[in-house]
2 protein chains.
Amino acid sequence: MESPAPRRTRIQQEKRELILEAALEVFSANGFRGSTIDQIAEAAGMSKPNLLYYFRRKEDIHETLMQRLLDTWLAPLRELDDIGDPMTELRSYIRRKLEMARDFPRESRLFANEILQGAPRIMPLLEGELKTLVDEKATVIKGWMRAGKIARTDPWHLIFSIWATTQHYADFDVQVRAVLGIDRGGDGRFEDAARFLEQLFIEGLKPKA
Amino acid sequence: MESPAPRRTRIQQEKRELILEAALEVFSANGFRGSTIDQIAEAAGMSKPNLLYYFRRKEDIHETLMQRLLDTWLAPLRELDDIGDPMTELRSYIRRKLEMARDFPRESRLFANEILQGAPRIMPLLEGELKTLVDEKATVIKGWMRAGKIARTDPWHLIFSIWATTQHYADFDVQVRAVLGIDRGGDGRFEDAARFLEQLFIEGLKPKA
DNA sequence: CTAACGTTTGTCCAACCGGTCAAAATTTTG
DNA sequence: CAAAATTTTGACCGGTTGGACAAACGTTAG
């Protein structure tokens, strides 16, 4: 499956890292087809042929980026665990996801771009790894519902709604800022969002009687 | 501002419509830069020069599409009115938005694509028309809160969360279907989503004591 | 010093893409 | 029918882009 241990020098590691950082910047702002190798090379401070020495094809950069992305992107959901108090667990999950939207908006946009285009390069991962993980967590949530800890609803759509509301602040950032205006669209918007989402989900999921 | 009444023949009207329909299909699937005039022309069943006879530049097609889009896209929010019961109004708004995600996913994706790229072509509209409309509706919602009809929260973020959760089912459709799997990812997913969102928002916004 | 290896760059190419143009085909009008 | 106006197309152009390549540069080890 994977190229077996591509044995790389320290310089290669560093340069590849530099390129990936530059590519994340460029891809997330312009999409895959909207980005050129030249742009990435310039952002990484090297010539185009030099960049192509480290990544043979434009697609290779994108692929490497996507693979790394998925791991870190799903980390918060993996942490959602059965041991703590359900409401607390959900609140932390929402907070962590919102923090990721705030701290890693480029990653969020890269991912959104890929899904919007129909996920041509990561469809197997969605149907495999992602589905498995979500199904597993849905079972956990169902347990909480059966135990009367949170209100009964559809766990899958609950997860979707958390993804949607939190990632919205990364993917639709320009719209959020435009609507909030100069005064309310500053750094405080994430705290406002956190307060609102916490209230919405906590109240919306309180077990009924 | 606008070209004054471009006096078009019936054929021109029809062909332009045909092109716009084809362009919506192509743009929403590949983004602006990811789409070629040839693709659109082929989807519209005509040659590239012929298409360029009706729209001089690729950007003109996109611009026309975006202008039309915004009107229909904001219609549900415009309908949100002060006269009815607040909870009923909000529930209808959510339902209408979700129906739009179901019935016009291409429009939703076109819009998402534009925002993701930083909204280069519609920024003025976001800061102008859209912000004005949202501010106006936020005032209405604030009135409901003061009257004790719904819980007190941030009206802007409430609107954002409705946008995010409903449009998610259009923009991230492939992911939703991949995660739900064959059995649960069929046509019923919108009804499940409607039920879940209704519960989340209704319970989450019930006035406290 | 020099051979070997890894790195960097200038140059080039073929494919693609947005858009032009003039001529041909078609439709409309008198 | 014939002239005028509109619509359609093939051929073409200049700029961009992904990628190839060989030569140059630098570094390390014998």
Side-chain angles (χ1 to χ4, degrees), chain A residues 3-66 110 113-114 117 120-121, chain B residues 3-66 110 113-114 117 120-121:
Chain A
S3 340
R7 180 188 289 280
R8 292 188 186 107
T9 75
R10 189 180 48 82
I11 286 190
Q12 275 177 338
Q13 291 280 7
E14 287 172 6
K15 292 287 172 121
R16 283 174 65 94
E17 221 53 47
L18 206 72
I19 291 168
L20 289 172
E21 158 64 25
L24 174 60
E25 185 72 26
V26 176
F27 279 146
S28 68
N30 308 106
F32 181 76
R33 288 214 50 185
S35 307
T36 72
I37 300 184
D38 272 312
Q39 284 176 321
I40 302 173
E42 194 191 335
M46 62 180 71
S47 64
K48 180 169 68 168
N50 196 187
L51 182 148
L52 286 166
Y53 170 72
Y54 292 102
F55 290 90
R56 307 268 285 272
R57 294 177 305 142
K58 183 184 174 186
E59 255 198 318
D60 291 348
I61 311 176
H62 191 261
E63 198 183 311
T64 307
L65 228 36
M66 291 301 296
L110 182 68
N113 246 310
E114 176 70 10
Q117 313 293 320
R121 304 161 220 274
Chain B
S3 343
R7 181 188 289 282
R8 293 191 184 102
T9 75
R10 189 181 47 82
I11 287 189
Q12 275 176 337
Q13 291 279 9
E14 286 173 4
K15 292 287 172 124
R16 283 174 64 94
E17 221 54 46
L18 206 71
I19 292 167
L20 288 172
E21 158 64 27
L24 175 60
E25 186 72 26
V26 177
F27 279 146
S28 68
N30 309 104
F32 181 75
R33 289 214 48 185
S35 308
T36 73
I37 299 184
D38 272 309
Q39 283 176 319
I40 301 172
E42 194 191 337
M46 63 180 70
S47 64
K48 179 169 70 170
N50 195 189
L51 182 149
L52 286 166
Y53 169 74
Y54 292 101
F55 290 90
R56 307 267 284 273
R57 294 177 305 141
K58 183 185 174 186
E59 257 200 319
D60 291 347
I61 311 177
H62 191 261
E63 198 182 309
T64 307
L65 229 35
M66 290 301 297
L110 181 68
N113 246 312
E114 176 71 9
Q117 312 294 324
R121 304 161 221 275

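Naming: A, B, ... by sequence-line order, numbering from 1 per chain. As the structure is a prediction and not an experimental result, all values here were calculated from the model. These values consider heavy atoms only, across backbone and side chains, with no hydrogens, waters or symmetry-generated copies.
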Check this one for me: any side-chain N or O of [X] less than 4.0 Å away from OP1 or OP2 of [N]?
{"X": "A:Tyr53", "N": "C:dT7", "answer": "yes"}
{"X": "A:Asn50", "N": "C:dT9", "answer": "yes"}
{"X": "B:Gln12", "N": "D:dT7", "answer": "yes"}

Under 4.0 Å protein heavy-atom contact, by nucleotide of nucleotides 18-24 of chain C - B base, S sugar-phosphate only:
BBBB---

Do [X] and [Y] have side chains that approach each other closer than 4.5 Å (heavy atoms only, starting at C-beta)?
{"X": "A:Phe32", "Y": "A:Gln117", "result": "no"}
{"X": "A:Lys15", "Y": "A:Phe55", "result": "no"}
{"X": "A:Tyr54", "Y": "A:Glu17", "result": "no"}
{"X": "B:Glu63", "Y": "B:Arg121", "result": "no"}

Where A:Asp60 and A:Thr64 come nearest, the two heavy atoms and their spacing:
O-OG1, 2.8 Å

In terms of heavy-atom contacts, A:Ser35 and A:Asn30 come closest through OG-CB, 3.5 Å

When the axes are fitted on five pairs at both termini, how much does the helix from C:dC1-D:dG30 to C:dG30-D:dC1 curve, in 10° steps?
0°

Side-chain donor-acceptor contacts of residues 37-48 of chain B below 3.5 Å, not counting sequence neighbours, with atom names and distances?
residue: B:Gln39; atom: OE1; partner: B:Thr36; partner atom: N; Å: 3.0
residue: B:Ser47; atom: OG; partner: B:Asn50; partner atom: N; Å: 3.4

Quick one: label B:Phe55 by what it contacts on the DNA or RNA (base, sugar-phosphate, nothing), any heavy atom closer than 4.0 Å.
nothing

Looking at A:Leu110, A:Ile61, A:Ile19, which one forms a side chain to side chain contact (heavy atoms under 4.5 Å, CB included) with A:Leu24?
A:Leu110

What's the [atom1]-[atom2] distance between [X] and [N], to the nearest Å?
{"X": "B:Met46", "N": "D:dT7", "atom1": "CE", "atom2": "P", "answer": "11 Å"}
{"X": "A:Gln13", "N": "C:dG6", "atom1": "CD", "atom2": "P", "answer": "15 Å"}
{"X": "B:Leu51", "N": "D:dG10", "atom1": "CG", "atom2": "C1'", "answer": "16 Å"}
{"X": "A:Gln39", "N": "D:dT16", "atom1": "CD", "atom2": "P", "answer": "12 Å"}
{"X": "A:Ile19", "N": "C:dT7", "atom1": "CD1", "atom2": "C1'", "answer": "12 Å"}
{"X": "B:Glu14", "N": "C:dT27", "atom1": "CD", "atom2": "P", "answer": "13 Å"}
{"X": "A:Tyr54", "N": "D:dG19", "atom1": "OH", "atom2": "C1'", "answer": "18 Å"}

Decide side chain to side chain contact (heavy atoms under 4.5 Å, CB included) for B:Lys58 and B:Phe27; before the verdict, give the C-alpha distance in whole Å, the side-chain angles of both, and the deciding distance to 0.1 Å.
CA-CA 11 Å; B:Lys58 183 185 174 186; B:Phe27 279 146; 4.1 Å; yes

